[in-house]
Amino acid sequence: MVKEFGIEHNYKKLYNGTFPGDEYDGWELSSICFDFLKGVGVYKVNTDDLEKYLLVINVPDEQSSEVKMMKQKKVDCDSHGYSRPAFVCQHLILEVPKGFEEALDTYKGMELEEDEDLQAWCSDCEKVRVEADGWNEESEKLAEITLICENCYFELKEFNKNI
């Protein structure tokens with residue numbers, strides 16, 4: 001099928017057998033695939049030992065459930081663009097360190113289970129949470145949890161962890 005396509009469209013490299021290749025051949029073969037598969041875009045990925053060309057053959061509809069799900073898992077931050085969501089108390093800011101208590105030990109770029117989130121609160125909120133034996137209406141009211149991006153979260157963690 002590929003050989004026939006090459007003959008029909010005069011793409012000699014598809015029907016002449018092997019040939020020495022270089023970056024230009026990668027682009028040429030990518031454009032042939034683009035034509036053959038009715039692509040919408042091609043881009044090259046730089047790696048240390050191999051040239052990779054990726055062909056985009058379709059773009060999901062903005063209203064598709066897949067796109068909606070991807071958007072739900074990201075927040076759009078004015079400082080950092082799109083990244084994973086995180087939740088912090090209102091007191092964690094980059095002015096005066098307030099301590100940093102986390103729901104689980106985290107590090108930047110870590111994999112999270114589907115039911116896990118990056119969550120943190122200050123030392124004062126932790127005292128109220130412990131006295132209340134966990135989160136309840138009173139402790140949550142004090143915390144006033146805010147949605148931020150993952151990058152902001154780790155900036156706050158670095159700033160607030162040592163008080």
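For the numbers below, each heavy atom of this structure counts, side chains included, while hydrogens, waters and symmetry mates do not.
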Decide if atom [atom1] of [X] counts as having more than 12 heavy atoms of other residues, nucleotides or ligands within a radius under 6.0 Å.
{"X": "K127", "atom1": "NZ", "value": "no"}
{"X": "D133", "atom1": "CG", "value": "no"}
{"X": "D78", "atom1": "CG", "value": "no"}

Is the closest side-chain heavy-atom distance between [X] and [Y] below 4.5 Å?
{"X": "H80", "Y": "C152", "result": "yes"}
{"X": "Q119", "Y": "W121", "result": "yes"}
{"X": "I57", "Y": "F34", "result": "no"}
{"X": "W27", "Y": "V42", "result": "yes"}
{"X": "I145", "Y": "E140", "result": "no"}

Distance to the ring centre below 6.0 angstrom and angle to the axis at most 45 degrees; does that hold for K13 and F19?
yes

Hey, quick one: are [X] and [Y] part of the same hydrophobic cluster, counting side-chain heavy atoms closer than 4.5 Å, chains of contacts allowed?
{"X": "V128", "Y": "F100", "result": "no"}
{"X": "V130", "Y": "L142", "result": "no"}
{"X": "L112", "Y": "L156", "result": "yes"}
{"X": "W135", "Y": "L147", "result": "no"}
{"X": "M1", "Y": "L37", "result": "yes"}

CA sep, side-chain torsions, deciding dist, call: T106, K157, side chain to side chain contact (heavy atoms under 4.5 Å, CB included)
CA-CA 10 Å; T106 63; K157 180 175 183 174; 3.1 Å; yes

Looking at R129 and E101, is there a salt bridge between them, counting it only when a charged N and a carboxylate O are closer than 4.0 Å?
no

Hey, are K141 and E138 close enough for a salt bridge, meaning a charged N less than 4.0 Å from a carboxylate O?
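Judged by the 4.0 Å cut-off on N to carboxylate O distance, K141 and E138 do not form a salt bridge.
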
Start with the C-alpha distance between I93 and F159, add both sets of side-chain angles, then the distance that settles side chain to side chain contact (heavy atoms under 4.5 Å, CB included), and finish with yes or no.
CA-CA 8 Å; I93 55 176; F159 182 81; over 6 Å; no

N/O donor-acceptor pair under 3.5 Å between [X] side chain and [Y] backbone:
{"X": "S139", "Y": "E137", "result": "no"}
{"X": "D35", "Y": "I32", "result": "no"}
{"X": "Y53", "Y": "L29", "result": "no"}
{"X": "N160", "Y": "K98", "result": "yes"}
{"X": "K161", "Y": "P97", "result": "no"}

For D117, check side chain to side chain donor-acceptor pair (under 3.5 Å) against everything at least two apart and list the hits.
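Here no residue qualifies.
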
Under the side chain to side chain contact (heavy atoms under 4.5 Å, CB included) criterion, do L55 and F36 qualify, and how do the steps go?
CA-CA 11 Å; L55 173 66; F36 184 74; over 6 Å; no

Closest approach of [X] and [Y], non-hydrogen atoms and distance?
{"X": "D25", "Y": "G21", "answer": "OD2-CA, 3.1 Å"}
{"X": "L92", "Y": "G99", "answer": "CD2-O, 3.2 Å"}
{"X": "E155", "Y": "L94", "answer": "O-CD2, 3.9 Å"}

Atom CD of E51 and atom CD of E23: how far apart are they, to the nearest 0.5 Å?
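The distance works out to 5.0 Å.
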
Consider only side-chain N and O atoms of E4 and H9, and report whether a donor and an acceptor are under 3.5 Å apart.
no

Do Y153 and E102 get their side chains close enough for a donor-acceptor pair, meaning under 3.5 Å?
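The answer is yes; a qualifying pair exists.
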
Assess whether side chain to side chain contact (heavy atoms under 4.5 Å, CB included) is satisfied between L118 and F154, documenting all intermediate values.
CA-CA 10 Å; L118 299 170; F154 285 104; 4.1 Å; yes

Restricting to pairs with a member in residues 83-92, which pass side chain to side chain donor-acceptor pair (under 3.5 Å), not counting sequence neighbours?
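Listed by first then second residue: R84-E150.
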
